[in-house]
Asks: 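Structure provided below as structure tokens; questions to follow.
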Amino acid sequence: MNNFKYTFDNKRYHTWNYHLHQKFGCKVFKVALNGGFTCPNIDGTKGIGGCIYCSGGSGDFAGDPSHSILTQFDEVRTKMHQKWSEAKYIPYFQAHTNTYAPASVLRERFEGVLACNNVVGISIATRADCLEEDVLEYLSELNERTYLIVELGLQSVFDETGKKINRCHSYADFLSGYNKLTERNINVCVHLINGLPGETEKMMIQSAVVVGALKPHCIKLHLLHVLKNTRLAEMYGRGEFELMSREAYVRTIVNQLEVIPPETVIQRLTGDGGRDSLIGPLWSLKKFVVLNEIDKLKRGTYQGAKL
């Protein structure tokens with residue numbers, strides 16, 4: 001018998017699907033968009049070329065940046081509607097750093113899709129060091145009138161890892177940005193990546209312990225993907241680190257879930273790598289096998305079991 005509170009499909013973790021059904025009473029899906037932003041770790045403000053795993057900016061599955069935001073929205077929504085015809089939507093500004101511009105620019109790019117029919121919120125991916133005061137004021141305004149989630153890419157709480165991956169901000173920088181958002185009652189989703197160069201399973205679990213203690217609204221747990229034409233691919237080619245096995249990844253995820261509060265929504269347990277660009281781990285292409293293995297291993301435990 002599954003006594004975990006936040007589920008209706010026999011999962012033992014607080015799924016994103018469950019949360020959205022509870023909040024909106026229907027199926028809701030994200031519509032991934034490219035808002036045409038860049039990143040301070042790409043344009044030279046803090047770094048050049050982005051993080052070592054960056055293939056030109058996060059959001060490989062976002063909309064076509066050559067199209068307008070409303071056109072992207074309609075294109076992605078139409079594809080998703082083939083599977084869920086009665087669903088509602090959350091525009092997800094995924095590619096690059098989506099608060100790296102004045103609030104006036106953000107307003108121009110966000111407001112159009114917010115006005116579309118059946119849009120119930122907005123999700124904005126960014127860095128914790130790109131939250132200027134005018135942006136925070138605009139985000140506070142958005143938070144008053146729609147369901148807002150700001151997604152912060154942390155990846156690891158260890159600064160030595162941040163330096164290895166060329167993150168160009170520290171955990172202290174992350175915490176400062178996180179607090180600016182939560183002080184304004186803005187929902188935050190924190191991203192962590194498992195399998196980063198030099199990290200042990202113990203370190204990955206410790207990242208989950210530290211982030212879990214913050215009690216964020218959501219967490220995304222990702223697998224490190226080695227993609228073609230990245231500095232990470234060059235490092236891998238030189239044998240500087242090893243890829244996680246599926247068994248190690250599944251074990252790490254289950255251990256991480258045990259130290260995350262059950263109220264925190266788990267938006268993702270593994271990521272997607274494009275089949276044409278992925279060097280490894282190739283086992284990650286079988287996403288549903290990975291998720292099923294996590295479910296099997298979690299039968300004897302649940303999210304928050306060690307808190």
Side-chain angles (χ1 to χ4, degrees), residues 1-30 88 90 92 120-126 128 131 139-140 142-157 171 174-194 204-223 250-271 290-291 294-307:
M1 181 178 179
N2 185 0
N3 294 319
F4 185 69
K5 180 179 179 181
Y6 302 98
T7 184
F8 50 44
D9 54 5
N10 207 36
K11 302 291 185 183
R12 291 176 180 261
Y13 50 90
H14 194 155
T15 69
W16 177 233
N17 187 48
Y18 172 83
H19 169 71
L20 293 175
H21 267 278
Q22 292 297 107
K23 185 170 184 64
F24 297 108
C26 64
K27 177 68 181 179
V28 178
F29 61 77
K30 280 182 167 182
K88 296 185 179 180
I90 293 176
Y92 175 28
V120 295
I122 185 171
S123 190
I124 301 168
T126 190
L131 295 167
L139 293 176
S140 296
L142 281 178
N143 197 47
E144 291 296 320
R145 54 189 171 91
T146 194
Y147 176 57
L148 168 66
I149 299 179
V150 176
E151 303 200 17
L152 297 181
L154 171 60
Q155 322 316 1
S156 171
V157 303
Y171 178 69
F174 162 81
L175 200 58
S176 174
Y178 179 87
N179 288 335
K180 288 176 183 177
L181 293 167
T182 56
E183 286 166 2
R184 293 166 170 81
N185 296 315
I186 294 171
N187 298 316
V188 178
C189 178
V190 182
H191 293 220
L192 294 173
I193 297 179
N194 291 322
M204 300 172 210
I205 295 165
Q206 183 61 23
S207 283
V209 168
V210 173
V211 171
L214 297 175
K215 297 184 177 180
H217 178 53
C218 304
I219 289 178
K220 281 186 178 179
L221 299 171
H222 297 266
L223 168 68
V250 169
R251 181 174 62 244
T252 299
I253 288 289
V254 171
N255 286 331
Q256 287 175 319
L257 289 171
E258 289 179 333
V259 297
I260 295 172
E263 297 80 14
T264 294
V265 179
I266 306 299
Q267 277 206 38
R268 182 179 287 274
L269 289 179
T270 186
V290 179
L291 294 175
I294 292 170
D295 287 341
K296 288 178 186 177
L297 203 58
K298 282 206 68 63
R299 286 176 184 165
T301 185
Y302 54 90
Q303 183 180 334
K306 291 186 177 179
L307 296 177

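Atoms considered below: every heavy atom in the structure, side chains included; atoms not considered: hydrogens, waters and symmetry mates. Keep in mind the model is a prediction, meaning the values are calculated, not measured.
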Asks: Run the ring-centre check on F24 versus Y147 and record whether the distance is less than 6.0 Å.
Replies: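 Between Y147 and F24, which both carry aromatic rings, the centre distance is below 6.0 Å.
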Asks: For a quick test of reading the model, state the closest non-hydrogen atom pair linking P261 to Q303 and the distance between them.
Replies: O-NE2, 2.7 Å
Asks: Less than 4.5 Å apart, any side-chain heavy atom of I266 and any of T15?
Replies: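 Not in contact.
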Asks: Please report the interatomic distance OG1(T126) to CG(L139), rounded to the nearest 0.5 Å.
Replies: 8.5 Å
Asks: Report the C-alpha separation of T252 and V254 in whole Å, then their side-chain angles, then the decisive distance to 0.1 Å, and conclude whether the side chain to side chain contact (heavy atoms under 4.5 Å, CB included) test is met.
Replies: CA-CA 5 Å; T252 299; V254 171; over 6 Å; no
Asks: Identify the two heavy atoms, one from N255 and one from K306, that lie closest to each other, and give their separation to 0.1 Å.
Replies: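 Answer, listing the atom of N255 first, then K306: OD1-NZ, 4.4 Å.
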Asks: To check you understand the geometry: which heavy-atom pair defines the closest contact between A208 and V259, and what is its length?
Replies: CB-CG2, 3.9 Å
Asks: For the residue pair F8 and H21, categorise the inter-ring angle as parallel (less than 30°), tilted (30 to 60°) or perpendicular (more than 60°).
Replies: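 Geometry flag for H21 against F8: perpendicular rings.
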Asks: Below 30° counts as parallel, above 60° as perpendicular, anything between as tilted: where do the rings of H222 and H191 land?
Replies: parallel
Asks: What distance do I124 atom CD1 and L142 atom CG have between them, rounded to the nearest 0.5 Å?
Replies: 5.5 Å
Asks: Can I260 and Y13 be said to form a side chain to side chain contact (heavy atoms under 4.5 Å, CB included), step by step?
Replies: CA-CA 9 Å; I260 295 172; Y13 50 90; over 6 Å; no
Asks: Quick one, N194 and Q256 - any side-chain contact, counting heavy atoms below 4.5 Å?
Replies: yes
Asks: Between I193 and L221, is a side chain to side chain contact (heavy atoms under 4.5 Å, CB included) present by the stated rule, with each step listed?
Replies: CA-CA 6 Å; I193 297 179; L221 299 171; over 6 Å; no
Asks: Looking at K220 and E151, does any basic side-chain N land under 4.0 Å from a carboxylate oxygen?
Replies: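 Salt bridge present between K220 and E151.
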Asks: Hey, what do you get for NZ (K5) to OH (Y18), rounding to the nearest 0.5 Å?
Replies: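 So the gap between those two atoms works out to 7.5 Å.
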Asks: Decide yes or no on side chain to side chain contact (heavy atoms under 4.5 Å, CB included) for V190 and Y178, but give the supporting numbers first.
Replies: CA-CA 9 Å; V190 182; Y178 179 87; 4.2 Å; yes
Asks: Of the non-hydrogen atoms in F174 and A128, which two are nearest, and what is the gap between them?
Replies: CA-CB, 3.5 Å
Asks: Does any part of the side chain of K30, heavy atoms only, come nearer than 4.5 Å to the side chain of Q267, both counted from C-beta?
Replies: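 When only atoms from C-beta onward are counted, K30 and Q267 do touch, with a gap below 4.5 Å.
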Asks: Does a side-chain heavy-atom distance below 4.5 Å link E263 with Y6?
Replies: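 Contact flag for E263/Y6 side chains = yes.
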Asks: Are any of the side-chain heavy atoms of L20 and F29 separated by less than 4.5 Å?
Replies: no
Asks: Relative to the ring of W16, is the ring of H19 parallel (under 30°), tilted (30 to 60°) or perpendicular (over 60°)?
Replies: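 The rings of H19 and W16 lie parallel, inter-plane angle below 30°.
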Asks: Measure across C218 and I149 and return the closest heavy-atom pair with its distance rounded to 0.1 Å.
Replies: SG-CD1, 4.2 Å
Asks: Evaluate the side-chain proximity of H217 to V188: yes if any heavy-atom separation is below 4.5 Å, no if none is.
Replies: no
Asks: What closest approach, in Å, do K88 and V120 show between heavy atoms, and which atom pair accounts for it?
Replies: CD-CG1, 3.8 Å
Asks: Hey, which of L181, N185, I186, L148 is the one that makes side chain to side chain contact (heavy atoms under 4.5 Å, CB included) with S140?
Replies: I186
Asks: Do N187 and V150 come within less than 4.5 Å of each other through their side chains, counting heavy atoms only?
Replies: no
Asks: Any non-hydrogen side-chain atom of I253 less than 4.5 Å from a side-chain atom of L223?
Replies: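 The answer is no; the side chains never approach within 4.5 Å.
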Asks: Please determine which of V250, D295, I294 meets the side chain to side chain contact (heavy atoms under 4.5 Å, CB included) test together with L269.
Replies: I294
